[in-house]
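A, B, ... follow the sequence lines: proteins, then strands. Residue 1 opens every chain.
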Amino acid sequence: MKILLRGGRVIDPAQNLEDVCDLLVVDGRVAALEKGIEADGETKVLDVEGCIVAPGFIDMHVHLREPGYEQKETIATGTRAAAAGGFTAVACMPNTQPVADCGAVIAYIRERVRQSGVVRVYPVGALSKGCKGEELAEIRDLVEAGAVAISDDGRPVMNGEVMRRALEYSRLFDIPVISHCEDLHLAADGVMHEGIMSTVLGLRGIPAAAEEVMVARDLILAGLTGGRLHLAHLSSAASVEMVRQAKERGLKVTAEVTPHHLCLTDEAVAGYDTSTKVNPPLRDEGHRAALAEGLAEGVIDVLATDHAPHAEEEKDVEYDLAPFGMVGLETAVPLVVTKLVKTGRLSWRRLVEVFSLQPARILKVPGGTLAVGSAADITVINPELEREVHVSRFYSQGKNSPFNGWRLQGWPVVTVVGGRLVMEEGKVLV
Amino acid sequence: MLKSKHLLGLKDLTAEEIELILDTAVPMKEIIQRDIKKVPTLRGKLVVTLFYEPSTRTRTSFELAAKYMGADTASIATSTSSITKGESLRDTAETLAAMGTDAVIIRHSAAGSPLLLTRYIQASVINGGDGMHEHPTQALLDLFTIREKKGTIRGLKVAILGDILHSRVARSNIWGLTKLGAEVRVVGPPTLIPPGIEKLGVKVFYRVEDALQGVDVINVLRIQRERQKRGLFPSLREYALLYELTPERLRLAKPDALVLHPGPMNRGVEISPAVADSLQSAVREQVTNGVAVRMALLYLLIGGGTQQ
């Protein structure tokens, strides 16, 4: 099987390449990357003139919900959503049922991916047994079975001693520890950002400090242990500042931000739309602007969606009662293009770094480049294509998106995974 | 005319709309004082109270208001603890719609529930108190009482005293009072003042002695024991020592200052019995006025007083 992507603008930061050229895929690998490649009779030719051709996007923070919560999402639907959204790989979080805290669950997920997945899936193992934050999970077992990182995502590790040991012990495997920074006592039973909006709406607030104190703790522990710390979904300006300082001191720390924290503020909660209920919460404009700046400057390394699908009836309730989370896979790229790239806040090259190169480096997985010989994971974006978001057309089972009805520009139009064309013009082909 | 057929909060009303409701409540109060307290204005209408939180006075007040206006009433009480496993708000709303309900008064611990209800039902929705968000009819009856006693609201200095953070009564009062031109002060321990409240155009005080200087009205909020358990203040005793409205503290206000309390009162905690029972206290009249204001509201919302 050969595919020729003809006439696109190839952006590959790993090779410092940004030029119009053709890309030939043969047997799952990038075979040639140059101008004027001729196609033979058995080559599928895709005309991508005017489009951005990038190494496959990797979303390192996704909830696929399988096993255990198949009413919310499955590996089949979640990976189709990923392909539709231009992602060639995702890392899935361990808060399934059962929790992915042993090799057998990781092996099961990988088997289900083999049967029903459309894009690559890298499981994240639990940091502690049952994600309870008490005893370390069997991390060797997890890594052996294919886990690429450990995390108790969504269940913050409140015990500093446990976090210290996780950062220390994980050095043995050179894997990142992904931390959801939230002091549960400070967050209490809050449902949105604490500020004037929570005061007006009468909803309980989660102060930015709930994140910041844990970012500070984890950075100190990263310094103590030398472990690789990855901070999930930052939401606060002070967190960005602390990460900046930690990097200047040479700590092994990386950080991510979600498209929704870059594109929305707590004003979006005003209609009590439960799809705006996320953890960490949407914060105010000052925080939002600091996150966008941190991403552009390289303090924040990665864009990740924290794709968190829920069943319709679970979200169609009072704001206080709704579960946290919104879906993100099928809106992430056009949102960031429309709100940051088109407005000049983020370069195309940086977009490719944060969606592809950096997550590949942090997780130490294949991809992140289109160098000849590398796996043919490719994302193609049409920067001018404009359309409206329709949650009813999502491949994801989760329709919990506050972006329904938004007109966005810069949609992914081709997704190639390992040389296989899995999405074209927004339609998933498998 | 009111623009909306719902009343979700005073934030959404104009000063003119608020004044219309207060003006309409004046003749309603006269009806309550009659020997035969009944008019046929809302005959054939069904008014349902849907209460997910315990309440005596608000629910009774709405039911009486509906009955005095000739409407039929039904009440549904559900404890908040069962809503997560019980019937969803959506299904309950659809049941009410199927029964031909004209107006629903909803009280709920979750802010925003009344707005959610409007998405499921054609009937007028009246917010009877939602979480920490709004309690518009309580604020309307407070405004009515102040206006009746003081003649006007414009230019008055009003202090709201107590747990501002958790109080929907405080929020609705702030919207209503500032729209009608009063100068509003809020006072309470720093742990019970919500962030950013000064952006709503109120002055924030921590010391009650500072806040009460020269005020025309003091609205005392109920303090709830659960707040102490969550560590927001050390003890009810210390709260009373710092914030209880005593005769000495009341003397800091204007000599004819009016004292309001939404009830039920914790005597000896946020208000001393001597103040509660003093001539300056309008606590009992607030209850009567509550029925009048709710009659006015039902008339305006389902008796042909809205643009919709």
Taking atom CD of B:Gln122 as the centre, report whether more than 12 heavy atoms of other residues, nucleotides or ligands fall under 6.0 Å from it.
no
Check: A:Tyr319/B:His133 side-chain N/O donor and acceptor closer than 3.5 Å:
no
Does any backbone or side-chain atom of A:Val191 lie under 4.5 Å from a heavy atom of chain B? Answer side chain, backbone, both or neither.
neither
Identify which of B:Gly196, B:Gly131, B:Gly112 forms the greatest number of heavy-atom pairs closer than 4.5 Å to chain A.
B:Gly112
With chain A, which of B:Arg90, B:Lys199, B:Met132, B:Arg168 has the greatest number of heavy-atom pairs at distances under 4.5 Å?
B:Met132
Taking atom NZ of B:Lys11 as the centre, report whether more than 12 heavy atoms of other residues, nucleotides or ligands fall under 6.0 Å from it.
no
Verify the neighbour count for atom CD of A:Glu312: are there more than 12 heavy atoms of other residues, nucleotides or ligands below 6.0 Å?
no
Tell me whether A:Arg345 at atom CZ has more than 12 heavy atoms from other residues, nucleotides or ligands lying less than 6.0 Å away.
no
CZ-NE2 distance between A:Arg204 and B:His166, expressed to the nearest 0.5 angstrom:
8.0 Å
Please check this pair: side chain of B:Arg171 against backbone of A:Thr199, looking for a donor-acceptor N/O pair closer than 3.5 Å.
yes
Heavy-atom pair count under 4.5 Å with chain B, highest-scoring of A:Leu203, A:Ile196, A:Val317, A:Asp273:
A:Ile196
Atom CG of A:Leu201 and atom CD of B:Glu134: how far apart are they, to the nearest 0.5 Å?
10.0 Å
Provide the closest heavy-atom pair for B:Ala111 versus A:Gly202 in the form atom of the first, atom of the second, distance.
CB-O, 3.4 Å
Just checking, any donor-acceptor pair under 3.5 angstrom between side chains of A:Asp316 and B:Tyr120?
yes
Atom CZ of B:Arg119 with >12 non-hydrogen neighbours under 6.0 angstrom
yes
Ignoring hydrogens and angles, tell me if any N or O in the side chain of B:Ser113 forms a donor-acceptor pair with the backbone of A:Glu318 under 3.5 Å.
no
